[in-house]
Amino acid sequence: MSVYLKIPLRPSKLHLDLGSYLSWYDCARHYKSSSYKPVYSNSSLCTDLNPGIFSNCFNKSGPGCFNDSCSFFPENPVTRKIGIGELLIDKLALPTKKLGQLGPVSDFLFSCTDPNKYSRIYRGLAKGVKGLAALGRFNYSLPTQLSRAFSSPQIFAVCLPGSSKASGVALFNSPGPYYFSPGIDLSKSLIYTPLLQGPRGADTQIYWWYKSPDYYIGLTSIKVNGKVVPLNKTLLAIDEHGSGGTKISTSRPYMVLQSSIFKALTDAFVRESTVLNLTLTNPVEPFHVCYAVQGITNTRVSSTFPTIDLVLQDNNVFWRIFGSNSMVRITTNDVDAWCLGIVDGGPSPKTSIVIGGHQIEDNLLQFDLQSERLGFSSSLLLHSTSCSNFDFNSTKN
């Protein structure tokens, strides 16, 4: 995700994460600004944040180095590594729907990081990334701050590209329309399900007193090719200990399932693929179910493979996952296979089902915090478009 931060405004590439509290940025190597303001420990903002940490710095003062400053524990959502960063307020701008124009925000709160001290916090992130854009359920996440700045609905949409060479889009403060080429308003194709509040402290290494920043939805069953997968449905709900449930993640590459759910789903998938005359081959880590490429017709949505339905509040509301989002092509010197992009999360994970980044590529997701609901499109390839085809030039957007 690209944003414009500091004065003069400069583009910065950030890792986009749906489950983080507060955005963070490399202030040690990439930060020169004439407009930043530190957040002090005795400020009302720091009291409201209640971050549990304050800092002193004995080097030359500057971004990320102030005495009696309010600080935060920024976290890498890929590796779960943690750093310490002082809080800053500065100018921010995002590209608008009108290509070439920027929407300014005068007071954007984020946490500084120093990779010289906490290099581990950058490991696992894409090359060139200078920080993280936090889109989680939190009073100071990026969407919430943008909503306050523009007095607009707390609604945002995310559409991840299906290729690392393509661009996706994140849309803030707008319920739609969302026009994608060739002239398709995908806001009209969304299916809605309630957003659920995750368990307190379940999705963080540090902030056990904060509510979960993640977006949970209520699965009631799973189907493969329309057939119900037999599984322990108590695992689909969040229990009194804060375990279970289903959440969406942009930082987990693939769907992660609790072991018994994983076995039930993969067994059902193999049964249905046998009916379709697909040939199993040796699995390739981290996957457990792989198929020989020979004889597989690669259509745009990979309809050769069984479909997976995540059934939500009733049987008529389901998120259908086609082969383009369930299967991963593995090509090495001695392997060419299609593998089911689902991994075993162990017998007792904190969350039973994590819908990963591969499953949401070329899917439009709308997070409506006004109405506490998620809108989802299933694969845009069915509409003959993709996340890289958002029409910035449309006068209707």
Side-chain angles (χ1 to χ4, degrees), residues 3 5-7 14 17-28 31 33-59 61-77 80-92 104-114 117-118 121 131-154 156 172-173 197-215 242 367 369-370 372:
V3 302
L5 188 62
K6 59 208 172 183
I7 297 295
L14 304 180
D17 184 61
L18 284 172
S20 289
Y21 291 108
L22 190 68
S23 301
W24 49 267
Y25 192 84
D26 176 0
C27 293
Y31 204 84
S33 174
S34 62
S35 54
Y36 70 87
K37 296 178 287 186
V39 179
Y40 291 105
S41 59
N42 61 355
S43 65
S44 59
L45 177 55
C46 191
T47 300
D48 188 45
L49 272 166
N50 187 23
I53 181 173
F54 312 105
S55 301
N56 285 311
C57 182
F58 302 101
N59 297 321
S61 64
C65 185
F66 285 93
N67 287 327
D68 198 26
S69 62
C70 188
S71 296
F72 204 80
F73 290 104
E75 185 173 336
N76 180 322
R80 313 308 293 185
K81 299 299 183 182
I82 298 167
I84 298 176
E86 298 184 3
L87 297 180
L88 283 187
I89 293 173
D90 208 343
K91 309 293 184 183
L92 172 78
V105 177
S106 58
D107 293 311
F108 177 67
L109 175 71
F110 63 98
S111 171
C112 278
T113 60
D114 185 347
K117 296 179 181 178
Y118 303 102
I121 199 173
L132 176 141
L135 306 189
R137 294 166 68 104
F138 189 58
N139 284 339
Y140 295 96
S141 68
L142 176 59
T144 306
Q145 291 194 64
L146 291 175
S147 177
R148 279 199 297 266
F150 293 101
S151 299
S152 56
Q154 197 171 341
F156 70 95
F172 298 95
N173 301 349
Q197 180 64 59
R200 190 180 296 271
D203 302 296
T204 173
Q205 301 291 306
I206 296 291
Y207 290 106
W208 55 266
W209 58 95
Y210 284 179
K211 292 181 179 179
S212 169
D214 277 286
Y215 296 95
F367 297 85
L369 298 180
Q370 301 289 109
E372 287 290 333

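Nothing here was measured: the structure is a model prediction, and the numbers come from that model. What's counted below: heavy atoms across the whole structure, side chains too, no hydrogens, waters or symmetry copies.
The side chain to side chain donor-acceptor pair (under 3.5 Å) test applied to Ser111 returns no partner, not counting sequence neighbours. Evaluation of the side-chain contact (heavy atoms from CB on, under 4.5 Å) rule for Leu109 yields Leu22, Val39, Leu45, Leu49, Leu87, Ile89, Tyr140, Gln145 as partners, not counting sequence neighbours. Take Asp214 and apply the salt bridge (charged side-chain N to carboxylate O under 4.0 Å, His left out) test, not counting sequence neighbours, and it matches Lys247. Legend: residues meeting side chain to side chain donor-acceptor pair (under 3.5 Å) with Asp68, ordered by chain and number and at least two apart, are Ser41. Annotation: side chain to side chain donor-acceptor pair (under 3.5 Å) contacts of Ser106 (sequence neighbours excluded): none. The side-chain contact (heavy atoms from CB on, under 4.5 Å) test applied to Tyr40 returns Pro38, Asn42, Phe66, not counting sequence neighbours. For Pro143, the side-chain contact (heavy atoms from CB on, under 4.5 Å) partners two or more places apart in sequence, or in a different chain, are Leu135, Ser141, Phe156, Phe172. Not a single ring-ring contact (aromatic ring centres under 6.0 Å, His included) links Phe73 to another residue, sequence neighbours left out.
Under the 4.5 Å side-chain criterion, counting only non-hydrogen atoms from C-beta, Cys27 is in contact with Leu88. No side-chain heavy atom of Ser71 sits under 4.5 Å from any side-chain heavy atom of Pro51. Side-chain contact check for Phe72 versus Trp24: every heavy-atom pair is 4.5 Å or farther apart. Residues Arg137 and Lys211 fail the side-chain proximity criterion, which asks for heavy atoms closer than 4.5 Å.
Although no hydrogens or angles enter the test, the distance criterion places no donor-acceptor pair under 3.5 Å between the side chain of Ser23 and the main chain of Phe110. Of the possible donor and acceptor atoms, one in the side chain of Arg148 sits under 3.5 Å from a partner among the backbone N and O of Asn139. Not a single donor-acceptor pair under 3.5 Å links the side chain of Ser35 to the backbone N or O of Asp90. No side-chain donor-acceptor contact under 3.5 Å links Ser151 to the backbone of Ser147. Without hydrogens or angle criteria, Gln154 side chain to Gln370 main chain gives no donor-acceptor distance under 3.5 Å.
Note that CD1 of Ile121 is 8.5 Å distant from CG of Leu132, once rounded to the nearest 0.5 Å. A distance of 5.0 Å separates CD1 in Ile82 from CD in Glu75, rounded to the nearest 0.5 Å.
Ring pair Tyr207/Tyr210 is parallel by interplanar angle, where below 30° counts as parallel and above 60° as perpendicular.
A pairwise comparison of heavy atoms in Glu86 and Ser69 identifies CD-OG, 3.0 Å as the closest pair. Shortest non-hydrogen contact noted between Pro74 and Gly85 is CD-N, 3.6 Å. Between Tyr21 and Pro213, the closest heavy-atom pair is OH-CD, 3.3 Å.
Under the salt bridge (charged side-chain N to carboxylate O under 4.0 Å, His left out) criterion, the residue pairs touching residues 36-53 are Lys37-Asp107, with sequence neighbours excluded.
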